[in-house]
Amino acid sequence: MAATFSTALDVHFAVSQSDPKRPFFFTKRLKHQKPSQRFRISCKTSESSSSSSKPQQNPLEEQLPKKTQSLSEQLQPLSITTLPKKDQADRLSSNPKSTWVNPSKPRRSVLSLQRQKWSPHAYNPQLRELKLFAKKLNDCENNEGALLSVLEQFPHQPNRENSLLILNSLKPWQKAYLFFNWLKTNHFFPMETIFYNVMMKCLRFGGQFEVIEELANEMVSNEIPLDNITYSTIISCARRCYHFDKAVEWFERMYRTGLMPDEVTYSAILDVYAKLGKVEEVISLYERGVASGWKPDMVTFSVLAKMFGVAGDYEGIKYVLQEMKSVKVRPNLVVYNTLIEAMGRAGKPGFARNLFEDLIESGLTPNEKTLTAIAKIYGKARWEKDALKLWEEMKSKNWPVDFILYNTLLTMFADIGLVEEAEQLFIDMKRSENFKPDSWSYTAMLNIYASGGNVDKAMELFEEMFEVGVELNVMGTTCLIQCLGKTQRIEELVRVFTVSIQQEIEPDDRLCGCLLSVVSLCDNREDIDKVLACLHQANPRLVEFVELIKDEKSSLNTVKEEFRCVLSDTKDDARRPFCNCLIDICRSKNLHERAHDLLYLGTLYGLYPRLHNRTADEWSLNVRTLSVGAAKTALEEWMGTLAKIVKRGEALPELFSAQTGTGTHKFAQGLSNSFGSHLKELGAPFKNSEDKVGCFVATREDLLLWLQSKIPSSCTVIS
């Protein structure tokens, strides 16, 4: 049998400079090589092989992917192709080198991760002149007349290459757009896709999405093809300008054309879908892109983490971490920050701490944003040990700080009750040149002193604010009023409130709730009237309702209707505190029946959704979100209901429990202690649970015996 041998030959040929089909762009500047074509010559040792056969295709050529050049890669060689020197052309025809492709190397992804890489221009005699002319255009006045006047001095006949260099050099988008239209109007040469891409890039920096969309539609009308770069610029600009629907529209148009999105486009459109709340679309698009060969970058994972974090979706955040691990991408500082913030929103402080520790172990240095996020999380979780460790690490490792971080640390200390640390940090801020305490800094300190009952220091700080010219804010006012109210220093309370009104501080629902709470604490009528006078300036309708419930002649229907109106004018998060305070006022004035009415109305309007819970083995009362007076009222109501059940002979569970919880704040007033004292006053057989702190339990037998003693008629124990 005849043996066959074949080989691939690189045949190099020079291209005449006058050749109209000469390529304008080379992908690499430093390797000047002549265009080459590859031919396969096949020979057989037998003469029978002279018969014609189908040409064989080089298998190495099949592995070479077609690369879509980025805009910067297309613009890079303009300085080379604009009037190249003769000796350059000579060098192009000498020392040809063939290109070898490793057949074992995997095919490169269609999604190039190398975007916008600029290389320095080679020396070109015309380049300096064109740069000077571009500078002259940039320096002229930003109007059409001035620009046209300078354009008359164009150093050479405008052609494709020098026009692109000038267009890409014009920074104000208005001038670039005028120059672009001047080129179109004068018909120096056919306008190609790259001109539109450069113009769109400039418009994107100026946030001119509407103009970009007009150019895109113009390209479609003139049958100028839109390439990957065109669509990427349109979509990313739409995202920057918050035209999310437009971004989705153009992405879908791109997909219909068969163009493969690059990594920038994928990241941009994922962010758009995330901001639109289309979680399923985000996951679908992400998985589709990964399946097509796209390797997600840090921006993508940051987008995914932020989307799940805002929603508090812990499972979604875990999905992001798993995906990063599967593609072997280690988070950078930006992604770590996003993940830590996301864990904070999802209510997972432990996982946030683990991420922070992993960040440190990876060798990264946390920045101000990282430390601010973790400080907020530790403060909210009341983690004193971790907060102190963070503070010591910041000082010993000299981690960066900014003004927001300083105030966040003060707030963290206030939340946990670390007085000494807060005072030292506050002193450091006073001594610093760039981080002088502001209104929020003073508010954090007021919160610390007010929570600890240190009225004198709180008032000293209040006076100091006037001396240094720092204005009081509504939160600082609330802290002071709460502190002064608990100590019955009503005259100073009125002064603080008056100052806040003079400084045009608008009282919010939280401040009104604080004044209501003080009313319940006041012992004499004179003090009550002074506090109600302050409250009347903030919320007249609320004062009218207080007077209504104090009148025993007011019917339940009247109270019900007026209470509904009060709640309608109150923000959601302040409605339950209002009801708690109103119940406290009624109990302090021995209006117990009215207190029960308000508890009933609060339950009716959904303010206490998880007050009662029943299982086959246990019935429980949850008073964690109630004030002391409201909790006592709820207990009395519950006992009354149980007495009726016993009287009817209905079955009861084995165990009863009342849950007060335990305050994690160092200065938290103990609802558990007050509730326990009230149980003793009633003689109820509830005891502290050995397993749970802030939980009181009673067995069925003990509770039945106690209830029987409170009910005149005899009752039998129901098993």
Side-chain angles (χ1 to χ4, degrees), residues 478 482 485-486 509-523 528 531-532 535 539 542-543 545-550 552 554 556 559-560 562-564 566-567 570-613 619-643 656-663 665 668-682 684 686 694-696:
T478 303
Q482 184 179 33
K486 288 180 179 179
D509 288 337
R510 187 175 178 179
L511 177 55
C512 293
C514 184
L515 289 169
L516 268 182
S517 177
V518 174
V519 171
S520 68
L521 298 174
C522 290
D523 296 327
I528 292 176
V531 177
L532 286 177
L535 182 58
N539 192 332
L542 191 55
V543 174
F545 184 73
V546 171
E547 297 298 333
L548 177 69
I549 61 176
K550 287 164 61 177
E552 297 182 8
S554 301
L556 178 60
V559 172
K560 177 182 177 181
E562 287 300 316
F563 190 46
R564 185 184 65 80
V566 169
L567 294 180
T570 307
K571 291 183 178 180
D572 292 348
D573 58 352
R575 290 175 178 176
R576 183 169 61 233
F578 271 22
C579 191
N580 285 340
C581 291
L582 291 167
I583 293 173
D584 289 345
I585 291 173
C586 290
R587 292 190 69 91
S588 67
K589 304 299 178 288
N590 294 321
L591 300 172
H592 291 273
E593 185 177 350
R594 186 69 77 198
H596 284 270
D597 290 343
L598 289 173
L599 180 66
Y600 160 73
L601 294 176
T603 306
L604 180 67
Y605 291 132
L607 305 183
Y608 306 107
R610 292 176 291 274
L611 186 59
H612 298 281
N613 184 47
W619 289 3
S620 63
L621 175 71
N622 185 355
V623 296
R624 285 188 176 94
T625 60
L626 277 67
S627 62
V628 173
K632 292 178 179 179
T633 305
L635 175 65
E636 294 167 359
E637 191 76 27
W638 192 38
M639 292 298 100
T641 301
L642 290 176
F656 295 84
S657 64
Q659 301 173 18
T660 62
T662 176
H665 194 294
Q669 297 296 320
L671 171 63
S672 180
N673 293 335
S674 299
F675 192 82
S677 299
H678 191 60
L679 285 171
K680 290 180 180 179
E681 291 175 5
L682 295 175
F686 284 87
C695 181
F696 300 86

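None of the values given here were measured: they were computed from a predicted structure.
Heavy-atom contacts from other residues, nucleotides or ligands closer than 6.0 Å to CZ of R510 number 12 or fewer. The 12-atom threshold is exceeded at CD of E547, counting heavy atoms of other residues, nucleotides or ligands nearer than 6.0 Å. Open room surrounds NZ on K560; 12 or fewer heavy atoms of other groups in view lie less than 6.0 Å from it.
Using a 4.5 Å cut-off on side-chain heavy atoms (C-beta onward), I528 and K589 make contact. Residues L542 and L515 are not in side-chain contact: their nearest non-hydrogen atoms beyond the backbone lie 4.5 Å or more apart. Residues L591 and I549 have side chains not in contact (no heavy-atom distance under 4.5 Å, counting atoms from C-beta outward). Y605 places none of its side-chain heavy atoms less than 4.5 Å from the side chain of C579. At a threshold of 4.5 Å between non-hydrogen side-chain atoms, the residues L621 and H612 count as touching. N622 places none of its side-chain heavy atoms less than 4.5 Å from the side chain of L611. The closest side-chain heavy-atom distance from I583 to L599 is below 4.5 Å.
Between the CG atom in L582 and the CG atom in L601 there is a gap of 10.5 Å [rounded to 0.5 Å]. Rounding to the nearest 0.5 angstrom, the gap separating the CZ atom in F675 from the CG atom in L626 is 9.5 Å. Here L679 contributes atom CG and M639 contributes atom CE; the two are 8.0 Å apart, rounded to the nearest 0.5 Å. Atom CG of residue L604 and atom CG of residue L598 lie 12.0 Å apart, to the nearest 0.5 angstrom. A distance of 5.5 Å separates CG in L671 from OG1 in T660, rounded to the nearest 0.5 Å.
F563 and F545 have parallel rings, their planes meeting at less than 30° on a 0 to 90° scale where 60° marks the start of perpendicular.
In plain terms, the two heavy atoms of S520 and S588 that are nearest each other are O-CB, 3.4 Å. The heavy-atom pair separating V628 from S674 by the smallest distance is CG1-CB, 3.7 Å. S672 and F696 make their closest contact through O-CZ, 3.6 Å (heavy atoms, listed as atom of the first residue, atom of the second, distance). Counting all heavy atoms, side chain and backbone alike, T570 lies closest to V566 at OG1-O, 2.7 Å. Pairing each heavy atom of V623 with each of A634, the nearest pair is CG1-CB, 4.2 Å. The two residues F686 and F656 have their closest heavy-atom pair at CE2-O, 3.9 Å.
Here E681 does not pair with K632 in a salt bridge; the nearest charged N to carboxylate O distance is not below 4.0 Å.
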From CA spacing to verdict: side-chain contact (heavy atoms from CB on, under 4.5 Å), E636, H678: CA-CA 10 Å; E636 294 167 359; H678 191 60; 3.1 Å; yes

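One N or O on the side chain of D509 and one on the backbone of K571 form a donor-acceptor pair closer than 3.5 Å. With N580 contributing its side chain and S517 its backbone, the two residues share no donor-acceptor pair below 3.5 Å. When atom types are taken as modelled, the side chain of R594 and the backbone of S554 share a donor-acceptor pair closer than 3.5 angstrom. In terms of modelled atom types and a separation under 3.5 Å, the side chain of T633 and the main chain of G629 share a donor-acceptor contact.
Each of D584, L535, V543 was compared with L516 under the side-chain contact (heavy atoms from CB on, under 4.5 Å) criterion, and only L535 meets it.
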